[in-house]
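Here's the structure we're looking at; comments come further down.
Because the structure is a prediction, the values reported are computed rather than measured. Lettering of chains follows the sequences in order, A, B, ..., and the numbering in each one begins at 1.
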2 protein chains.
Amino acid sequence: MDEVAAAAGVSRATVSRVINGAVSVAPAIRESVQRAIARTGYVPNVAARSLVTRRSDSVALVISEPERPDDHSFLNRIFTDPYFGRVTAGATGALRPHDVHLVVVPTDAADHHRVVRYLRQGHVDGVLLISSNEHDPLPAQVHALGIPAVLSSRPPGPLPVSYVDVDQRAGARLAAEHLLARGCREIATVSGPLDIPAGSERLAGFRSALPGLDIPAVTGDFTRAGGEAAAHALLDAHPSLDGLFVASDLMAEGALRAVQDRGRRVPSDVAVVGFDDSSAALECRPALTTVRQPVEEMAAEMAALLIAHIDDPGRSPRSVIFQPTLIRRDSA
Amino acid sequence: MDEVAAAAGVSRATVSRVINGAVSVAPAIRESVQRAIARTGYVPNVAARSLVTRRSDSVALVISEPERPDDHSFLNRIFTDPYFGRVTAGATGALRPHDVHLVVVPTDAADHHRVVRYLRQGHVDGVLLISSNEHDPLPAQVHALGIPAVLSSRPPGPLPVSYVDVDQRAGARLAAEHLLARGCREIATVSGPLDIPAGSERLAGFRSALPGLDIPAVTGDFTRAGGEAAAHALLDAHPSLDGLFVASDLMAEGALRAVQDRGRRVPSDVAVVGFDDSSAALECRPALTTVRQPVEEMAAEMAALLIAHIDDPGRSPRSVIFQPTLIRRDSA
DNA sequence: CTGAAAGCGCTTACAG
DNA sequence: CTGAAAGCGCTTACAG
């Protein structure tokens, strides 16, 4: 920096001002400084900058798994479920104009203390927290740290934290109404894990839209294999099933396979509706009719909220709920 | 830190020494400092530390896509192909004992200058670079920056950089020999893109192991859908095919679907061998016989090499080649 | 609009 | 083994 200042014949303070562009600098001087920067190839040292600004210009995307599976299976799930790619795309897109970087931090239970330490050390200015399990202690821990945070779903318990979510029940209702309108008589559902809202709420919403009907449900784990197993269980118990709501597209892909492996046709014998509208929906045979949640937009909103909280620590928490829509394709 | 020093009745220098544990400190003093740290909940400021140590204790995992697809599809591919989860798992596992963090940085062509700036700013001490395309300028750019780096495959051109790879040709040969030993007569292959070694080398190795045979090949893009389309093309042109080598498990999953959609049985009518031994191999029906590359171990080795280069900048580059093995399951 | 100076919170020779 | 002091490379009141 001294080199640049000398080359441009100004003080370091002025160099700093043209780089950060906050206060105005005489045009002629600004240009000569910019030339000097270009000539010397100067790049500011981020550590020195953060030390004084107390900003890292980075935020963490913490993907929390409250259990403690073996390392590989957890990371495999994250890097295999299209959901996380969509979140990353949406968040980075929204962060980019602010010149804020996204650090992806997957963490299982065994790792939580590491993440807490990481956050306390000031590596990032805030956190986007993907944590859905109701018993996950991480949201509360992060909140206790006092670091700005935005959650990806309603926090378990009364935590004063901003979050973004989709209207889970409304989405499930869309699926129920569609199946009903198609004329399905014997309807069942593959739900997600019941200790996470995307599991319990979608199930509750689905059942509440079908009053008077007894809706069998089997729980899956949001993986393709889990959906397949759950669908088999359902078909074993209810061979004449004709309508199926599966709480995620990935699970629906497995469910489709289960239905077809039994020689039943989709949608004529069994109509199947998924949830997400992820890339998995298009991989399905037949292409999946599904409830769309605008994950990229939701992640962008999370990022925008987080930036707002970082810029104004006193800002009061708020929640933003997105409305799902039904995407009709070929499976129902 | 001053607070801790005061509480323990020592200088800040001593507090720093017990935290970093490099030089020895009198046991009694060390304990009282540790108690003071625990009591005050003190956590060192990383920016201040990096400023003097010139270390960030982070390394980047840069996943480079030299083309410029739309953002979503690139991130979708990364977060959908099990390969990247395995790399992340292997690298974080090896980095953890060194207390080094992994920052995942996906980047397409439009983003390269951003990444270069990020690296120059000193956010990380080194980079693990996943870049396979021969025309990707990023490896050379990173090397020019002078920042320690390790590549995930042989660099295009004579770049003095360390890298880790699997013996691609040997792997393809394993597949060829297995198909031959099974008695396959009419053999074809779905290759990866030919401008990346995992595409061209596997194809070359496969053909070289089958001298005298004319081996039709269609190129896929390492996605499930790509593998499916390529297999259909092959089956259109060669309806009596009885052996198929597909250059990745994900593509093999699609190929299996193509074969079965045509009413041909696997492995009795058509034997299929994949490559990777990723989680996709087990999702296949029937379970996929495949060439295993130990991706987690390879990523761990990359991380170990990178740490070595960071600790000793003068260290000369080296390459570490892993040997693949054939995993026999049900598809061939 | 610009510069001189202080200060961000650490680590690390250098003495002792 | 420990402390006083310098210094890492920036930004930002404070004057002018």
Side-chain angles (χ1 to χ4, degrees), chain A residues 1-37 40-58 99-100 117-125 147 310-311, chain B residues 1-37 40-58 99 101 117-125 147 310-311:
Chain A
M1 179 166 209
D2 278 310
E3 196 190 343
V4 175
V10 299
S11 69
R12 291 179 349 205
T14 299
V15 174
S16 173
R17 286 192 269 255
V18 350
I19 289 174
N20 298 301
V23 290
S24 60
V25 176
I29 293 194
R30 184 183 327 130
E31 280 191 21
S32 93
V33 170
Q34 278 161 343
R35 269 198 303 280
I37 289 175
T40 57
Y42 168 73
V43 174
N45 176 302
V46 286
R49 171 182 288 170
S50 317
L51 182 56
V52 16
T53 61
R54 339 220 89 229
R55 282 288 189 89
S56 66
D57 292 319
S58 298
D99 264 306
V100 169
R117 196 183 49 183
Y118 182 81
L119 299 177
R120 291 186 63 197
Q121 285 181 139
H123 283 104
V124 294
D125 302 328
I147 181 175
I310 291 170
D311 287 343
Chain B
M1 180 167 207
D2 279 309
E3 196 190 343
V4 175
V10 299
S11 70
R12 291 180 349 207
T14 300
V15 173
S16 173
R17 287 192 269 255
V18 350
I19 289 173
N20 297 302
V23 291
S24 60
V25 176
I29 293 195
R30 183 185 325 133
E31 279 191 21
S32 93
V33 169
Q34 279 161 343
R35 268 198 304 278
I37 289 175
T40 58
Y42 168 73
V43 175
N45 176 303
V46 287
R49 170 183 287 170
S50 314
L51 182 54
V52 16
T53 60
R54 338 220 89 229
R55 283 287 189 89
S56 66
D57 292 319
S58 297
D99 263 306
H101 299 283
R117 197 182 49 183
Y118 182 82
L119 299 178
R120 291 186 63 197
Q121 286 181 136
H123 283 104
V124 294
D125 302 327
I147 181 176
I310 291 170
D311 288 342

> Which class fits the ring pair His123(A) and His101(B): parallel under 30°, tilted 30 to 60°, perpendicular over 60°?
Replying inline: perpendicular

>> Can you give me the first and the last nucleotide of DNA chain C (5' to 3') that has an atom within less than 4.0 angstrom of a non-hydrogen atom in chain A?
In response: dC1(C) to dG9(C)

> Going from CG on Leu51(A) to CG on Leu51(B), what distance comes out if it is rounded to the nearest 0.5 angstrom?
Replying inline: 6.0 Å

>> Within this structure, what is the OH-CZ distance for the pair Tyr42(B) and Arg120(A), rounded to the nearest 0.5 Å?
In response: 11.0 Å

> Are any non-hydrogen side-chain atoms of Val10(B) and Arg17(B) less than 4.5 angstrom apart?
Replying inline: no

> For DNA chain C, what are the stems built from at least three Watson-Crick or G-U pairs in a row, each pair having both distances below 3.5 Å?
Replying inline: C:1-3 with D:14-16, C:5-12 with D:5-12, C:14-16 with D:1-3

> Among Ile37(B), Ile19(B), Val15(B), whose side-chain contact (heavy atoms from CB on, under 4.5 Å) with Pro44(B) holds?
Replying inline: Ile19(B)

>> Would you say that Arg54(A) contacts Asn45(B) through its side chain, given a criterion of any heavy-atom pair below 4.5 Å between the two side chains?
In response: yes

> For residues 41-50 of chain A, which residues have at least one heavy atom under 4.0 Å from DNA chain C?
Replying inline: none

> Who passes side-chain hydrogen bond (donor to acceptor under 3.5 Å, both in side chains) against Thr40(B), sequence neighbours left out?
Replying inline: none

> Which value, in whole Å, describes the distance between the C1' atoms of nucleotides dG16(D) and dT12(D)?
Replying inline: 16 Å

> Hey, does the side chain of Ser50(B) reach the backbone of Ser56(B) with a donor-acceptor pair shorter than 3.5 angstrom?
Replying inline: no

> Mind checking whether Asp99(B) and Asp57(B) have side chains closer than 4.5 Å, heavy atoms only?
Replying inline: no

> Any side-chain heavy-atom pair from Ile310(A) and Val100(A) closer than 4.5 angstrom?
Replying inline: no

> Looking at DNA chain D, which of residues 10-20 of chain B put a heavy atom within less than 4.0 Å of it?
Replying inline: Val10(B), Ser11(B), Arg12(B), Ala13(B), Thr14(B), Arg17(B)

>> Evaluate Ile29(B) against Val18(B) for side chain to side chain contact (heavy atoms under 4.5 Å, CB included), listing each step before the verdict.
In response: CA-CA 9 Å; Ile29(B) 293 195; Val18(B) 350; 5.6 Å; no

>> According to side chain to side chain donor-acceptor pair (under 3.5 Å), does anything in residues 3-15 of chain B pair up with another residue at least two apart or in another chain? List the pairs.
In response: Ser11(B)-Thr14(B)

